[in-house]
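Scroll down for the structure; my scribbles are underneath it.
Note that the structure is predicted; figures quoted are calculated from it, not measured. In what follows, chains carry the letters A, B, and so on, assigned in the order in which the sequence lines appear, proteins first and then strands, with residues in each chain numbered from 1.
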Amino acid sequence: MPELPEVECVVRGLRRRIIGRTIERVTVHLPRIVRGSPLDLAEHLPGRIFRDVRRRGKLIIIGLDGGLSVLVHLRMTGQLLWLEPQAPLEKHTHVIFHLRSGRHLRYRDQRQFGWIQLAESEHLDQQPQIAGLGPEPLEIEREAFVRRLRSHRRQIKPLLMDQTILAGLGNIYADESLFQARIHPLSRASRISTVKLNRLHIAVGEVLGKAIDCSGSTVRQFRGTDGEIGEFQNHFRVYDRQGQPCPRCRRPIIKIRVGGRGTHICARCQQLPREKTR
DNA sequence: GTCGATGTTATCAA
DNA sequence: TTTGATAACATCGA
């Protein structure tokens with residue numbers, strides 16, 4: 001569920017809530033969620049203070065004092081919730097950070113794909129989950145963006161979602177960006193015109209920016225740190241809108257499969273250039 | 001009850 | 001090099 005905008009909103013929410021607070025203890029209810037040794041959390045975290053929270057791609061990086069960081073990947077259904085300790089224990093709550101103030105930061109994850117890991121702040125760049133990430137889509141310059149995408153001949157949509165190419169795009173924002181740029185998701189990246197790739201660079205920035213401004217998208221069950229739902233799903237132009245009219249040309253949006261993922265397009269506005277037939 | 005789909009990603013085979 | 005299938009898991013809707 002959470003792509004770059006949702007993760008960014010969680011990070012901002014966490015910043016508001018946890019910076020400067022001290023961890024009293026950590027309880028792990030589902031050890032599989034913690035990479036490395038789950039005991040590490042209980043052992044190394046008590047007494048530490050949250051110093052900063054940031055994002056790299058879809059990964060949340062929480063810095064503590066004493067040179068340790070907590071990495072959190074929400075994958076499909078992870079949530080980090082800021083709650084009163086007496087708040088009812090919701091189903092799928094797997095890890096609880098008990099803060100000295102009495103408050104809870106709870107990790108909840110219905111499908112249990114997400115994970116939490118302790119890491120040394122000094123060596124974050126060597127963490128494989130971080131070292132392999134491509135540039136931030138909201139920071140990369142146009143020329144570098146075009147060069148990077150055009151150097152592969154894969155289908156443009158799976159390429160956009162490849163975290164080593166760009167870090168942060170997932171299924172929703174790939175569909176929305178390709179629609180805005182009027183590019184068919186099956187187009188071979190190496191054969192897309194400079195004009196279209198320039199358009200895609202702008203589209204990615206605008207789509208992600210607006211989604212962040214809207215507190216993300218809640219399609220199934222995304223929640224911000226304070227349990228708030230996103231609003232960008234009300235602005236989808238193609239995602240999950242099959243059968244409804246294209247906002248540009250009124251022809252019905254169709255749903256196809258690309259790289260194994262459900263993909264929403266307007267077949268008129270996003271045309272596939274004829275493949276060379278060798 | 002069954003089947004297929006769901007926003008992610010790692011891994012394997014072709 | 002690129003692709004598709006599969007797996008991890010729970011839930012929902014047809």
Per-nucleotide pairing state of DNA chain C [Watson-Crick or G-U, under 3.5 Å; [ ] pseudoknot-crossing; | other strand]: .|||||||.|||||
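Taking only side-chain atoms of His152(A), from C-beta outward, the nucleotide of dT2(C), dT6(B), dT9(B) with the closest atom is dT2(C).
Using a 4.0 Å cut-off, some side-chain N or O of Lys58(A) falls inside it from OP1 or OP2 of dT9(B). Proximity of Gln163(A) to the phosphate of dT8(B): no side-chain N or O atom is located under 4.0 Å from OP1 or OP2.
Classification of Glu8(A) and Arg12(A) as a salt-bridged pair holds, one side-chain N sitting under 4.0 Å from a carboxylate O. Between Arg16(A) and Asp226(A) there is a salt bridge, with a side-chain nitrogen of the basic residue lying less than 4.0 Å from a carboxylate oxygen of the acidic one.
For Ser217(A) and Tyr239(A), the side-chain atoms include no donor-acceptor pair closer than 3.5 Å. Side-chain atoms of Asp109(A) and His92(A) include no donor-acceptor pair closer than 3.5 Å. No hydrogens or angles considered: nothing links the side chains of Ser190(A) and His152(A) as a donor-acceptor pair under 3.5 Å. Between the side chains of Thr263(A) and Lys255(A), not a single donor N or O lies within less than 3.5 Å of an accepting N or O. Remark: the Gln127(A) side chain and the Gln117(A) side chain contain an N/O donor-acceptor pair separated by less than 3.5 Å.
Contacts of Gly114(A) with the nucleic acid, taken as non-hydrogen atoms under 4.0 Å apart, are absent.
Look at CD1 on Ile116(A): it is 19 Å from P on dT8(B), rounded to the nearest Å. The distance from atom CG of Leu186(A) to atom P of dT2(C) is 15 Å, rounded to the nearest whole Å. Atom CG in Leu59(A) sits about 14 Å away from atom P in dT8(B), given to the nearest Å. As a whole-Å value, the separation of Arg261(A) CZ from dA5(B) C1' is 11 Å. The interatomic distance linking Met161(A) (CE) with dT2(C) (C1') rounds to 15 Å, in whole Å. Rounded to whole Å, atom P of dT8(B) lies 10 Å from atom CG of Leu169(A). Between Asp175(A) atom CG and dT6(B) atom P the separation is 11 Å, expressed in whole Å. Counting to the nearest Å, the P atom of dT8(B) and the CD1 atom of Ile33(A) are 17 Å from each other.
At a threshold of 4.5 Å between non-hydrogen side-chain atoms, the residues Leu133(A) and Arg56(A) count as touching. Put simply, the side chain of Leu71(A) does not reach to within 4.5 Å of the side chain of Ile60(A), judged on heavy atoms. Residues Lys58(A) and Arg75(A) fail the side-chain proximity criterion, which asks for heavy atoms closer than 4.5 Å. Looking only at side-chain heavy atoms (C-beta outward), Glu90(A) and Pro88(A) stay at 4.5 Å or farther from each other.
Of the P atoms belonging to dT9(B) and dT1(C), the separation is 22 Å, rounded to the nearest Å. dA5(B) and dG4(C) are spaced 16 Å apart, taking the P atom of each and rounding to whole Å. Here the separation of dA5(C) from dG4(B), taken at their P atoms, is 14 Å to the nearest Å.
When all heavy atoms are compared, the tightest approach of Arg237(A) to Pro247(A) is O-CD, 3.6 Å.
At a non-hydrogen distance threshold of 4.0 Å, Tyr239(A) from residues 238-248 of chain A come into contact with DNA chain B.
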Under 4.0 Å protein heavy-atom contact, by nucleotide of nucleotides 3-14 of chain C - B base, S sugar-phosphate only: S----BBBS---
